[in-house]
Each structure stands twice: as C-alpha cells, then as structure tokens.
Amino acid sequence: MKNKAIKTLICLGVTLLFGGVSFYLTLPALNIHSMDFYSFLLSLAVVYIVCSLVVSGFRSPGGFKGYLTFIKNQCRVMGILALAVIAVIAVGRLLSWQVIRAGAYKNLLTVENGDFSKDVTEISVDDIPMLDRDSAQRLGDRKLGELSDMVSQFEVADDYSQINYNNRPVRVTPLEYGDLIKWFNNRQEGLPAYLVIDMATQAVDVVRLDEGIKYSKSEHLGRNLYRHIRFHYPGYMFSEPTFEVDEEGNPYWICPRVIKKIGLFGGSDIKGAVLVNAVNGECEYKEEVPKWVDRLYPAELITEQYNYYGRFINGFINSVFGQKGVTSTTSGYNYIALNDDVYMYTGITSAGSDQSNIGFILSNQRTKETKFYSVAGATEQSAMASAEGVVQHLGYSSTFPLLLNVAGEPTYFMSLKDNANLVKMYAMVNVRQYQIVGTGASYRECEQKYTELLSSNSIIDPTSSERQTIEGTVTQIRTAVIDGNSYYYIELDQSGKFYEISAADNRSVIAINTGDRVEIEADTSKSDIICAYGINRK
C-alpha cells in the first residue's frame, strides 16, 4: 500500500511539473471555450498515465486491451478525465456545427447599406497614404540603419500597425532586441524608442522614450507580453496584440479579448480589450475602448464574419445548392482613414465569380460598424492588372489598391513599383470601368489625368474639370524632386496658390523667371497646389 502511494505521488509530481512548465511555455487560456484548454487537460492525463505505466514497470501481455485494463484499474481518474475531455470536444463541435447553426453564424456581423459619395468624402492629398506596408518597412529599416547607437543592439519589429495619430495616417512599430544576448545586455533599460512612419509624407520619426519599453513580444520570461497578459487574465482568450500609441505618444499594446458566441467553439468575436502600458506593464480591461484605439477588430476576423454572412444569407442548404444571393470577400484588403477612425476595406464578389465585384464593404476596426456599397466593377486583382498593363513597357508591379473617392467616383489608387521595390509612379483605376486608368509620377499628376479621362468618357460632368487659362506675373518659384522627377511650383500675383508643372512634360518651365508675365493652362481647383498642363511666357 505504501509502495502504491509513493508511485502515485511520483506520478502526480511529474504531472504537476509537466503542467507547470507546459502552462508557462504554451500559455493556454483557462477557458471552457478554448481548444487549447482541453488540449492542456488531455496532455496532463496522458502524462500521468504514461508516468504510471513507467513507474509500475507494466508490460501488457494482452496488447492494447491490456493497457486499457491497467488504466481502468490504476489510473481511473485520469482515464475518465481524458474521455470526458474528448466527449466535451465532440459535443462542443457539434453545438458549433455550421450545418445546424447557420443562422447564428450569419448574425455575427450586421451589414447595412451605405451611400459611397456621402459616407466616403474626398480625402486631401496630404492625408492619402502613399505607402503600402512593404514600403513602410523598408523606410523603417533604413531609418534604424542611420542610428549608430541603436542599430547594433536592436531591430525594427514587424508590427507596423496602421493607425490615425493626431489625425494623420501613420504606421507605428516598436523596436525589438536583436537576439538573446542583446536582450540580456539591454533588458534593464528596455527598448529605447518606437518608429512613426507618415504614410502620406513618407517621413520617419524615431520617438525616443524617457523610459524604455519593458513589455513587448520580444521580451523573455515574465515581461514577455503574452505571458504578462496571461498571468493577469488567465481565463481570457486573446487575439493577436497590436502596437498603438495614444494621442500623447504613450506606447500601448492593444490585446483584444476573444469570445465564442456559438456553442463552445464557434462564432469568434471581440468583447473589449486589455490595454497594456508598454513601458510599465500596467494592464486594464476595457469593454468600451478609448477613441484613440484604432485596431480592436482584426481585419481577418471581419473578413471571416462577412464570409459567414454572405454564405448563409439564405440558409445553409442554399449555400450549397443554388447559392442564391451568396457572396464572399475577395482575396485581399486594405485600410482607409475616415473621421479619425481606421476602416478595413475589401471587395465583395458573388459565388463563383472571380473577375468582377458586386460592391465592397467598409468596416470600422474599433466599433465593427460595417456598411456595404453596391458598386459593380472590377476586382482588385483585375484593377492591378489593368494598371500594370498601362506601364508594361516599364515592368512596374502594382501594390494592393486603396479605395478612394475621386470626383465622386469609387476609385482604386495604387503605387507602381520597379524591380527594386521602389515606388516610381501612381495609378488610379475606375472601379466601374477598370479600363479607365490614369497614371502619373505624383499623386496630383495621376489625379489630373484620371479626372480628365472621367470627363472625356462622360462619367463626370465635363465642366467640373474644365481647363482654364490663368494669366499673371510670377512672384515665386519653388522646385522639388519627387521620385526622381523635377517639379516646378509657380505662384502668380502673390495669390498663395502654386501651379505644379513637371519639367519632364513641360521643359519650357525651366526658362521661366520671377517677374515674367505668363499664361498657365490648368484645371479649375480650390486647392492651394494645382496641377498645370503647360506654361507660356507672354
């Protein structure tokens, strides 16, 4: 009897040791809705049973049946636990089965109809994100390379979260430790800075902190972000944390709390978030997050929920047979900043269609407010191919498009890159008629050519982009090199408005001097910088 008690204690000790190490490393949520929780329990039962077999020296003469008899006699509790876990998983999956819960899956996301021209206002050129994620990453890596005091110890983390920061579209990302040795050498001071990349101006700011970031994904032991939030909230399930900064520039980790709404394992949704101060590690769960938080609902979750909505709009049977009204998202998404919030954009296509969209959705990443806009047109991939076709002689490739309102028209806007992944041009493609493509070396030049095409194709009122000839005296000339092209900015009669002229397209601008009397051909515009077609000295 005493020998049996000792063996039991040994098995319990090994199981508890395994459980402690396993929990510390894998960090499962202690939540009945988490599959990781059941995997954790099952692993404990298996470890105990295996340990019991080892310490007892059991060798089954009856094969598998003999092992089952041993478990029944010597490890009954753990055997029952293992069977119970398997049973709960099976029942939980049944209760979450889409075949019998299609209506519940459809209702995960509420979709309203919207008016594009009213809901999506025309964005100032200074607020349009010209950079995609890859370009922002290149700028961030290049900036860190210029900082001799940091580059040897730190690297730029791969977060690059797109947020609105002081009403500017930016991507923010912290630094991370270069390796384990560099973490050991710098852990007391923490990460000294984070990067802010302005997606409109392409400026990269290194924000140095008075006190370093001590809680991050690249930390180890107790200050590792995942371990930190797990020990503070052991029962919460979390989506992937995102790095953000508040309006004062304080760095935070936004850790969305995941809940399951259908059965045990189905219908993932977000209910608030834990906000972690990246400097001191202070945690606070907020069901209603502050307005400065831009990324609460992950784009992947919104896409998943819309696909449930579009698939089960008329029930499960219809989703398989007939597929009346069945829709789904296209293969990519992007972000657009509106009213100090970040919206996820993706196209919507009908079942079986891969060449055209029936519309698109915009979903607020803080509130999940989602609107559908019925605009039949090209898919994003078709628009990208159309833009690439215009510059095929240059071999440029297109980035995934951004959705803009240009002259009241839904428009795909994209950058065109060369083989070195450098932005060389920009393109605008009309969503409804993707053969209409305007390109230019600058945004204004691209927009001007695009609106001219809209006008010539009678898509917009020709008078709205009618050219005019302006005569005046040159009072100021400025120059700039944008993407390798020289541009002249000419002011007439101290008006405060500048006319932008490309030297490549209008070489005569090089000979213009201050004080000259000139005529400039340009579109009517209320902007302070107006794209011009030509200039002549009077």
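For this chain, numbers begin at 1 and follow the sequence in order.
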Does the gap between the ring centers of [X] and [Y] come in under 6.0 Å?
X      : Y      : answer
Trp253 : Phe243 : yes
Tyr165 : Trp292 : no
Phe413 : Tyr443 : yes

- request: Could you pull out all residues at least two apart from Glu211 that satisfy salt bridge (charged side-chain N to carboxylate O under 4.0 Å, His left out)?
  value: Lys214
- prompt: Taking only residues two or more places apart in sequence, or in another chain, which ones meet Glu380 in a salt bridge (charged side-chain N to carboxylate O under 4.0 Å, His left out)?
  reply: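 Glu380 satisfies salt bridge (charged side-chain N to carboxylate O under 4.0 Å, His left out) with no other residue.
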Under the ring-ring contact (aromatic ring centres under 6.0 Å, His included) test, residues paired with [X] that sit two or more places apart:
X      : value
Tyr297 : none
Phe372 : none
Phe37  : none
Phe238 : none

- prompt: Can you list every pair that meets side chain to side chain donor-acceptor pair (under 3.5 Å) and has a residue in residues 393-405, with sequence neighbours left out?
  reply: none
message: Once side chain to side chain donor-acceptor pair (under 3.5 Å) is applied, what residue pairs with a partner in residues 19-42 remain, sequence neighbours excluded?
response: none
- line: Sorted by chain and residue number, the side-chain hydrogen bond (donor to acceptor under 3.5 Å, both in side chains) partners of Lys271 (sequence neighbours excluded) come out as none
message: Please determine whether a side-chain nitrogen of the Lys or Arg among Asp294 and Arg366 lies less than 4.0 Å from a carboxylate oxygen of the Asp or Glu.
response: no
message: Would you call the rings of Tyr489 and Tyr487 parallel, tilted or perpendicular, taking 30° and 60° as the class edges?
response: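 Tilted: the ring planes of Tyr489 and Tyr487 meet at 30° to 60°.
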Where at least one partner belongs to residues 231-241, residue pairs that pass salt bridge (charged side-chain N to carboxylate O under 4.0 Å, His left out), sequence neighbours excluded: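 Sorted pair list: Lys217-Glu240.
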task: Output every pair passing salt bridge (charged side-chain N to carboxylate O under 4.0 Å, His left out) with a member in residues 281-291, not counting sequence neighbours, ordered by first then second residue.
output: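 Every pair satisfying salt bridge (charged side-chain N to carboxylate O under 4.0 Å, His left out) with a residue in residues 281-291: Glu284-Lys286.
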What side-chain donor-acceptor pairs closer than 3.5 Å can you find for residues 254-262, not counting sequence neighbours?
from	atom 1	to	atom 2	distance (Å)
Arg257	NH1	Tyr285	OH	3.3
Lys260	NZ	Ser268	OG	2.6
Lys261	NZ	Asp269	OD2	3.0

